[in-house]
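These notes are about the structure you will find just below.
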There are 2 protein chains.
Amino acid sequence: MTPISVLLVDDHMVVRSGLKALLGTQPDISVVAEAASGEAALLAMAEHSPSVIVMDLAMGAGIDGIETIKQVRRINSRQAILVFTTYDSDADIVRAADAGAMGYLLKDATPEEIFAAVRGAVQGKSVMSAPVASRLFQQLRNPDEVLTPREAELLSLLTEGLSNKALGQRLFISEATVKTHLAHIYAKLGVETRAAAISTAIRREGMR
Amino acid sequence: MTPISVLLVDDHMVVRSGLKALLGTQPDISVVAEAASGEAALLAMAEHSPSVIVMDLAMGAGIDGIETIKQVRRINSRQAILVFTTYDSDADIVRAADAGAMGYLLKDATPEEIFAAVRGAVQGKSVMSAPVASRLFQQLRNPDEVLTPREAELLSLLTEGLSNKALGQRLFISEATVKTHLAHIYAKLGVETRAAAISTAIRREGMR
DNA sequence: TGGTCTCTCAGCCTTTTGGCTGATGCGGCC
DNA sequence: GGCCGCATCAGCCAAAAGGCTGAGAGACCA
């Protein structure tokens, strides 16, 4: 049978090289293409039609990982996408799942975990690192504290230091709506000011 | 002549694997050991006496990269140490140099940059990524942008999300004084709001 | 079909923050 | 002794943020 074809997307040469070396040891897995940006990933996907896309969320320049996932989803709604990233922030996990990722691996995963995730992804299985699973589990117990995708998106932009007006312009919504979202975010994070929300987001949610 | 022996220190298997694959393509460079923690790095160094240590600053658990560098320095004051990390925060760069690192590379470096840095390190040359060098250079040219001790203290508390009143109470100064300090901090950081100052502090100054 | 969730928006009011100007005391430094 | 950087404080004003209430549209689900 033909090996599982993989497209690697990560802006760090070293990481791509490492993944390629690791996956190359498995006879049933073959890295057919690499991309250093979201844009390049879309091109590579069109050209190679890989079985699985392994992608980092943080891309240096251009469109980010989440947006790339969404674009891939538009082109092929059943494409298997594995997120492979450094941080297990609640917001990132929610947003990646919402965008259509099949699994969520952390970069400190063992080779075995990575192999299993790739093999699982092509079979439609959802695989994730233990810390990620644990976070999701905790969220199931406290659903009141889970940020909605839109809130998570807003919080992420908030950590860049934008004003309410700027947030509205960036998201194409009114300032009133921004304030509503912020009020909800503050309540869920248990803070009262945007400053505290930012530090909580960065510390607890791992955003940066 | 014997190849340059390298010890890799990074808590991510994938990164070690990638570095090993990249460095392995060079006949004059040989990876003789790997370590996933600061503690393991010290043991590996004692055992293998590598020419160069390539080390990440962020280690999942145990002693961090900076502390590991200091410990290595205590054992062998002339050991060549290359920092290989994701973020170019001012604080990290200064701390790494202070601890005794020879060079500072970012993970998006090209293979050629990495090779050159390893070869340079054994010859006692200081090599760093362009963004890192640019930061250091900028600090030298614009001493006006360096925070005073009091300002740094305030900025640190600011990242905890405190209000002006709370900052004043914590530092035993009036709210007016807090505002004066903040105005100076904003000017030096090149921002206009406290939210932007917080994110800049965490991102660029490495505060958290 | 009705309930719930999410996202969207508006108005009103209070508090907080930021910009500006000006001022005082203290400690180095030439 | 005078200059300068640093830390301290005040008052005034405009802008931004936050608290509150209410409400409509669309999606989803029982």
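By convention in this document, chain letters (A, B, ...) are assigned in the order of the sequence lines, proteins followed by strands, and residues within each chain are numbered from 1. Bear in mind the structure is a predicted one, so any value in this text is a computation, not a measurement.
Judged by distance alone, the side chains of A:S174 and A:T177 do bring a donor and an acceptor atom under 3.5 Å apart. Side-chain N/O atoms of A:S199 and B:T159 include no donor and acceptor closer than 3.5 Å.
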Q: Dump the intermediate steps for side chain to side chain contact (heavy atoms under 4.5 Å, CB included) on A:D10 and A:M55, then the final yes or no.
A: CA-CA 6 Å; A:D10 195 307; A:M55 176 155 51; over 6 Å; no

Q: Let me see the working for A:F84 and A:L57 under side chain to side chain contact (heavy atoms under 4.5 Å, CB included), right down to the final yes or no.
A: CA-CA 7 Å; A:F84 184 68; A:L57 287 187; over 6 Å; no

Q. When you look at B:R73 and B:I81, which way does the side chain to side chain contact (heavy atoms under 4.5 Å, CB included) test go after all the steps?
A. CA-CA 9 Å; B:R73 271 280 159 280; B:I81 303 173; 4.1 Å; yes

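Between B:R170 and B:E153 there is no salt bridge, since no side-chain N of the basic residue sits under 4.0 Å from a carboxylate O of the acidic one.
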Q) Taking protein heavy atoms under 4.0 Å as touching, what does nucleotides 9-26 of chain C look like 5' to 3' if B marks base contact, S marks sugar-phosphate-only contact and - marks none? A) BB------SBB-------

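Within the 4.5 Å cutoff, the side chain of B:L158 has heavy atoms near those of the B:L182 side chain.
For DNA chain D, the span of nucleotides reached by chain B at under 4.0 Å from its heavy atoms goes, 5' to 3', from D:dC6 to D:dA10.
Under the side-chain contact (heavy atoms from CB on, under 4.5 Å) test applied with A:V6, the options A:L23, A:L19, A:L82 reduce to a single match, A:L23.
At least one side-chain nitrogen or oxygen of A:R150 sits closer than 4.0 Å to the OP1 or OP2 atom of C:dT8.
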